[in-house]
Amino acid sequence: MTIFGTRPEAIKMAPLVKALAGREDLESLCCVTAQHREMLDSVLEIFSIKPDFDLNIMEPSQTLSTITTKCIAGMEQVLQTARPDLVLVHGDTSTTFAGALAAFYRKIPVGHVEAGLRTGDIYSPFPEEMNRRLVSDIATLHFCPTEQNCRNLAEEHITKGVFRTGNTVIDAMKATVREGHRFSDPRLNTLGEGERRIILITCHRRENYGAPMEHIMKALRRIADTFADTELVYPVHLSPAVRRTAEQYLSGHPRIHLIEPLDVLEMHNLLARAYLVMTDSGGLQEEAPALGRPVLVLRRETERPEAVEAGTVKIAGTDEEQIVRMASELLEDPDAYARMAHAVNPYGDGLACRRIADAISWHFGMRDTPPEPFGV
């Protein structure tokens, strides 16, 4: 049984759900918590996934405590009814932790997709860093995107049931990025006219609320003012705190487009047209390099150091001056841009879901050998 509840989880789990459904040796069930209702549903529709169970837990002004407790309570009934042999959770959300804990309470083994990511700071990102650490202690199978993720687990004395698979988001992008895609928002279809360069922005992390986000927004405004050949596109998160800050600092500029959140199909195709990505998101650090798009991370650290080492990502932080300086370098220096754009993506080859399914089959004795690790 796969369990997920947010849009980022759904994007990365959807190709795995499809891969598992196509296996004759496995019966695949899908449960969603709907931690994010609207944004989750758009992904389910795009990938034609109909969940077997839907907890529908989302409520106005929900807190981490309400998400976690409603997930655990809802999952108790689901697991009692379905009695799966293995529960798969993804990454580091509250749904991830609650789903793993609910399975543990019923002594059902857990497989952790996108395992082994670490920043080393339990409060950054919050609550994601602690969620993924706790799931690692619960899980029996650990599906790590990269060798660094495997090493992170080994440092915590987790060495059994560890598989290096690549990241399932690369599998997802094979199905979503389409030449000639037409956007539902007419403004997006005319972006880049007159050789303008598109800068794609996302910014929503809780640890950036307040002063850090204000510094980021001021930097973005300065970049738009300085480089007349750029257009900044910012799909603004639904969080009221994020929306207030974005409107305060970025509204009213003719080349800054504050738009509604995009579904995965639109986001990936906008990413394919972008020149540069500036984000505090985790997933975009993996997705953008697959399309040759440099990424500036609007955080103090990243749990994805492989991209930094490969040269596809640089950490810009939340200091206004540093963000402006690093963005300016990529917009002014073609050589600096090319070094990032042409670096090799360390996150996958589009076969992660096959490796995970093979690992599950091997674990249950239905396959003679484990899958070949990604990168071998």
Side-chain angles (χ1 to χ4, degrees), residues 177 183 185 187-205 208 212-236 245-246 248-259 262 266-302 304 307-345:
V177 177
F183 295 94
D185 185 336
R187 292 175 296 174
L188 300 183
N189 291 315
T190 60
L191 285 174
E193 290 183 349
E195 298 187 353
R196 283 182 174 171
R197 295 177 288 180
I198 300 168
I199 301 177
L200 176 59
I201 312 294
T202 71
C203 184
H204 67 272
R205 289 281 187 183
N208 277 341
M213 191 168 291
E214 292 175 6
H215 297 158
I216 291 169
M217 299 303 162
K218 289 178 182 178
L220 295 176
R221 182 108 189 181
R222 283 176 57 187
I223 291 165
D225 287 339
T226 303
F227 296 93
D229 67 337
T230 61
E231 290 189 82
L232 279 61
V233 183
Y234 182 1
V236 185
T245 309
Q248 179 180 351
Y249 290 98
L250 300 180
S251 63
H253 195 290
R255 286 181 289 102
I256 299 179
H257 309 282
L258 302 179
I259 63 174
L262 299 175
E266 301 251 287
M267 190 65 168
H268 282 176
N269 283 281
L270 179 57
L271 180 59
R273 298 188 188 186
Y275 183 82
L276 171 65
V277 178
M278 301 177 68
T279 182
D280 64 1
S281 165
L284 280 174
Q285 297 176 50
E286 301 153 348
E287 295 161 345
L291 297 169
R293 303 299 182 261
V295 180
L296 294 181
V297 177
L298 305 174
R299 292 164 54 188
R300 297 187 304 274
E301 74 290 296
T302 178
R304 294 165 171 85
V308 177
E309 294 169 8
T312 61
V313 164
K314 289 185 177 180
I315 298 177
T318 60
D319 177 76
E320 179 183 346
E321 295 300 327
Q322 179 165 304
I323 293 170
V324 172
R325 178 181 58 79
M326 294 181 71
S328 298
E329 179 184 26
L330 291 173
L331 293 166
E332 294 172 340
D333 185 343
D335 291 335
Y337 181 88
R339 283 193 296 272
M340 293 188 70
H342 298 150
V344 176
N345 178 25

* Asked: Got Leu330 and Met326 here, is their nearest side-chain heavy-atom distance under 4.5 Å?
  -> no
So CE of Met340 and CG of Leu276: to nearest 0.5 Å the spacing works out to 8.0 Å
Between the CD atom in Glu286 and the CG atom in Asn345, the distance rounded to the nearest 0.5 Å is 8.5 Å
Go through the steps for Leu220 and Ile256 under the test side chain to side chain contact (heavy atoms under 4.5 Å, CB included), then give the verdict.
-> CA-CA 9 Å; Leu220 295 176; Ile256 299 179; 5.6 Å; no
query: Using 4.0 Å as the upper bound for N to carboxylate O, is an ion pair formed by Arg222 and Glu321?
result: yes
Determine whether Val297 and Gln285 make a side-chain contact, defined as any pair of heavy atoms from C-beta on separated by less than 4.5 Å.
yes
Would you indicate whether the side-chain heavy atoms of Asn269 and Arg273 approach each other to under 4.5 Å? no
Show, in sequence, the C-alpha distance, side-chain angles and deciding distance for Glu329 and Lys314, and conclude whether the side chain to side chain contact (heavy atoms under 4.5 Å, CB included) test is met. CA-CA 12 Å; Glu329 179 184 26; Lys314 289 185 177 180; 4.0 Å; yes
- Item | Pair Ile259-Leu188, side chain to side chain contact (heavy atoms under 4.5 Å, CB included): steps then yes or no | CA-CA 10 Å; Ile259 63 174; Leu188 300 183; 4.1 Å; yes
Closest non-hydrogen atoms of Ala274 and Arg293, given as atom of the first, atom of the second and distance, are O-NE, 2.7 Å
Item to check | Expected output: side-chain Gln322 to main-chain Ala316 donor-acceptor under 3.5 Å | outcome: yes
Note: Ser281 and Gly283 closest approach over all heavy atoms is OG-N, 3.2 Å
Beyond-backbone contact of Asp185 with His257, side-chain heavy atoms, under 4.5 angstrom: no
CZ of Arg197 to CG of Leu331, rounded to nearest 0.5 Å, is 4.5 Å
Correct closest heavy-atom pair for Thr312 and Ala343 would be CG2-CB, 3.6 Å
Taking atom CZ of Arg300 as the centre, does the number of heavy atoms from other residues, nucleotides or ligands within less than 6.0 Å exceed 12?
-> no
dist Leu284:CG -> Thr202:OG1 (nearest 0.5 Å) comes out at 5.0 Å
Determine, step by step, whether Arg196 and Arg255 satisfy the side chain to side chain contact (heavy atoms under 4.5 Å, CB included) criterion, reporting the C-alpha distance in whole Å, the side-chain angles of both residues, the deciding distance to 0.1 Å, and the verdict.
-> CA-CA 10 Å; Arg196 283 182 174 171; Arg255 286 181 289 102; 3.7 Å; yes
Are Val324 and Thr226 close enough that some pair of their side-chain heavy atoms sits under 4.5 Å apart?
-> no
Nearest heavy-atom contact between Tyr275 and Tyr337 is O-OH, 2.6 Å
In terms of heavy-atom contacts, Asn208 and Asp280 come closest through ND2-OD2, 3.1 Å
Q) Does the side chain of Ile216 come within less than 4.5 Å of Met278's, by heavy atoms? A) no
So OH of Tyr249 and CE of Met217: to nearest 0.5 Å the spacing works out to 10.0 Å
Would you say Tyr234's side chain and Cys203's backbone share a donor-acceptor pair under 3.5 angstrom?
yes
Of all heavy-atom pairs linking Ala341 and Pro294, the shortest is N-CG, 4.0 Å
The single option from Asn189, Thr190, Leu191 that satisfies side chain to side chain contact (heavy atoms under 4.5 Å, CB included) with Phe183 is Asn189
So CD1 of Ile323 and CD1 of Ile223: to nearest 0.5 Å the spacing works out to 7.0 Å
Review point. So do the side chains of Thr302 and Ile315 get within less than 4.5 Å of each other, counting heavy atoms only?
Key: yes
Practice problem: Could you tell me whether the side chain of His215 reaches within less than 4.5 Å of the side chain of Asp319, counting heavy atoms only? | Solution: no
